Protein chains: 2
Amino acid sequence: MSTSMPESLAAGTRRVARPAPLRQAVYDTLAEMIASGSLKPGQHLVESELAEHLGVSRQPIREALQRLAVDGWVELRPAYGAYVHVPTTEEVAQLLGVRSVLEAYSAREAAQHATAERIARLRQLYDAGLAALAADDEATLVTANADFHRYIVQISGNRVLLELISQVERRVRWYYTPIARPRGTEAWNEHETLIGAIGDGDADLAERLMRAHTERTTEFYRREFVPAHQAPAG
Amino acid sequence: MSTSMPESLAAGTRRVARPAPLRQAVYDTLAEMIASGSLKPGQHLVESELAEHLGVSRQPIREALQRLAVDGWVELRPAYGAYVHVPTTEEVAQLLGVRSVLEAYSAREAAQHATAERIARLRQLYDAGLAALAADDEATLVTANADFHRYIVQISGNRVLLELISQVERRVRWYYTPIARPRGTEAWNEHETLIGAIGDGDADLAERLMRAHTERTTEFYRREFVPAHQAPAG
DNA sequence: ATACCGCCTCTTGTATGCAATGTACTATCT
DNA sequence: AGATAGTACATTGCATACAAGAGGCGGTAT
């Protein structure tokens, strides 16, 4: 592992996007097209058409489609084709429920691994979101929110958790964007108290706050998008 | 959906393995080879070798490897090859931690969706595990344990949760097998009380019992496999 | 008129060939 | 001798070609 590389360079372990992984670019492009609605739910995706459209061969398209299927963006019918996933309100509720549980756990673990430096960084992310909120910049706000939560997971040090939450988060974001701004003000206030709890190393409080935070978001979503007569029993 | 097919046949919606998805067969085979240790951690997997070995072309091998990478069985280095994932005790601890949280949630939700029929089915699975335990059949016991937990998730009705837990469970099982039997007796006693709580629709109790159950398994694992000097702080 | 059978087309599934990239080795220079 | 640059090899990444499976459509027989 020891190289003659200057320390200043060795610090950056994250390699920038080499020209290499074309399937990754295809994946990102298609996911973006689905999330933005330019590929509509239920639409039949034909490999050859996508290939021509994106100017690549069918091979990277296939590989991207299979990962998209794993991540819940499309459904693959064995010998017949790929269809853009059709989201349901029930599914969103389930996603948000799972997310809530995972995030609460991440807050608990983060509180147990807090350092002054990490809290400072977390506060930076918090400020960035606050700025986006003030500027009424919805896209940035959604990103800032994701960054904030992701960093808490990183503080927790649980890589498995990071993977899982990332998966859920990507799918949630698809539906979530429209409520980002109206929920924004309240949400960022809650973030502030959360930082305090994590900084104090109060795991129980951090967990409770995060749970309340995400459940409030879920509730907000329900009120906004689920008609009363669809509300599940419980 | 209406066909002239006899009802006795139409009942079986699950199609048997058609000759079709070769990549799936490759995936299963490789996962099995990794789990069983016939492919060793850190080993470099070469597509062409695997292809020849399994008697297929590189294409299905590639696709299988990519799914294996998503599921944490192998690591893909962008232009150099696939390596069998090297598990660490820390990773196992993280997996078990996440699993504990998700399973607890599944128990809570299951309690809220319990029906007499479902509880009866759950009890059947419980009995099957008990039988395997009595017969000292380790492989069946591991399967029965997985089935039991999976069915609880199914009762919860949360498909997202089912997906996530399945992912985690597959990876856990890789490390978990050796402790299945020694932990078995105790674990199945705990399962019994769990059935009671779920059957009573007592969500809080079910959640607590499941959390205690999985955390005890985690603790058991730690005592067995993590040397004292490796025990993480906290 | 209706139900069934067979064909025909479309799309995916698999195989092979070629180009690009990363690693390891070796020879050379300091 | 150590470090470095150039080179050669192994392996993946991508593209194209071929084969097989699934549905849809029309013809035909009842």
Side-chain angles (χ1 to χ4, degrees), chain A residues 1-7 9-10 12-30 39 42-70 73-85, chain B residues 1-6 9-10 13-30 39 42-70 73-85:
Chain A
M1 289 299 270
S2 64
T3 71
S4 59
M5 182 185 293
E7 288 172 21
L9 288 181
T13 35
R14 185 72 60 188
R15 306 192 167 187
V16 292
R18 293 187 305 291
L22 195 47
R23 61 184 168 212
Q24 183 62 38
V26 172
Y27 176 94
D28 292 338
T29 304
L30 291 180
L39 295 176
Q43 181 172 345
H44 186 186
L45 302 180
V46 178
E47 293 178 358
S48 51
E49 288 177 11
L50 295 174
E52 190 181 11
H53 190 339
L54 298 181
V56 298
S57 84
R58 272 180 57 209
Q59 175 85 5
I61 300 281
R62 277 182 71 78
E63 296 178 353
L65 281 178
Q66 297 190 15
R67 248 196 75 203
L68 286 166
V70 170
W73 292 99
V74 306
E75 272 141 45
L76 248 40
R77 286 176 57 183
Y80 196 60
Y83 292 82
V84 177
H85 176 68
Chain B
M1 292 295 272
S2 65
T3 71
S4 59
M5 182 184 294
L9 288 181
T13 36
R14 184 72 59 188
R15 305 192 168 188
V16 292
R18 292 189 305 290
L22 197 48
R23 61 180 168 219
Q24 183 62 36
V26 173
Y27 175 94
D28 292 338
T29 304
L30 291 179
L39 295 177
Q43 182 172 345
H44 186 187
L45 302 180
V46 178
E47 291 178 0
S48 52
E49 287 177 9
L50 295 174
E52 191 181 10
H53 190 339
L54 299 181
V56 298
S57 83
R58 273 180 55 211
Q59 176 83 4
I61 300 282
R62 279 182 69 77
E63 297 180 354
L65 281 177
Q66 296 190 16
R67 248 195 77 203
L68 287 166
V70 170
W73 292 99
V74 305
E75 272 142 45
L76 249 40
R77 288 176 57 183
Y80 196 59
Y83 291 81
V84 177
H85 176 68

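Just so it is clear, the structure is predicted and the values come from calculations on it, not from any experiment.
Glu47(A) comes within 4.0 angstrom of sugar-phosphate atoms only, judged by non-hydrogen atoms across all strands, and of no base. Looking at heavy-atom distances under 4.0 Å, Leu65(B) makes no contact with the nucleic acid at all.
For the residue pair Gln66(A) / Gln66(B), no side-chain donor-acceptor distance below 3.5 Å is found, with atom types taken as modelled. Residues Gln59(B) and Arg23(B) bring no donor and acceptor atom of their side chains to less than 3.5 Å of each other.
When distances are taken from the side chain of Val46(A) to each of dT11(C), dG23(D), dT14(C), the shortest belongs to dT11(C). For Arg62(B), the listed nucleotide lying nearest its side chain is dG13(D); candidates were dG13(D), dA15(C), dA22(D).
The nearest heavy atom of DNA chain C to Pro60(B) and to His44(A) marks one nucleotide each, and the one closer to the 5' end goes with His44(A).
Contact of the Val74(B) side chain with the Leu76(B) side chain is registered, since non-hydrogen atoms from C-beta on lie closer than 4.5 Å.
Not a single donor-acceptor contact under 3.5 angstrom links the side-chain atoms of Arg77(A) to the base of dG23(D).
Rounded to whole Å, the distance from CZ on Arg58(A) to P on dC18(D) is 14 Å. Here the C1' atom of nucleotide dG13(D) and the CD atom of Gln66(B) are 10 Å apart, to the nearest Å.
Considering only side-chain N and O atoms, Arg23(A) lies under 4.0 angstrom from the phosphate OP1 or OP2 of dG13(D).
Across every non-hydrogen atom of Arg58(A) and Ala51(A), the tightest pair is N-CB, 4.0 Å.
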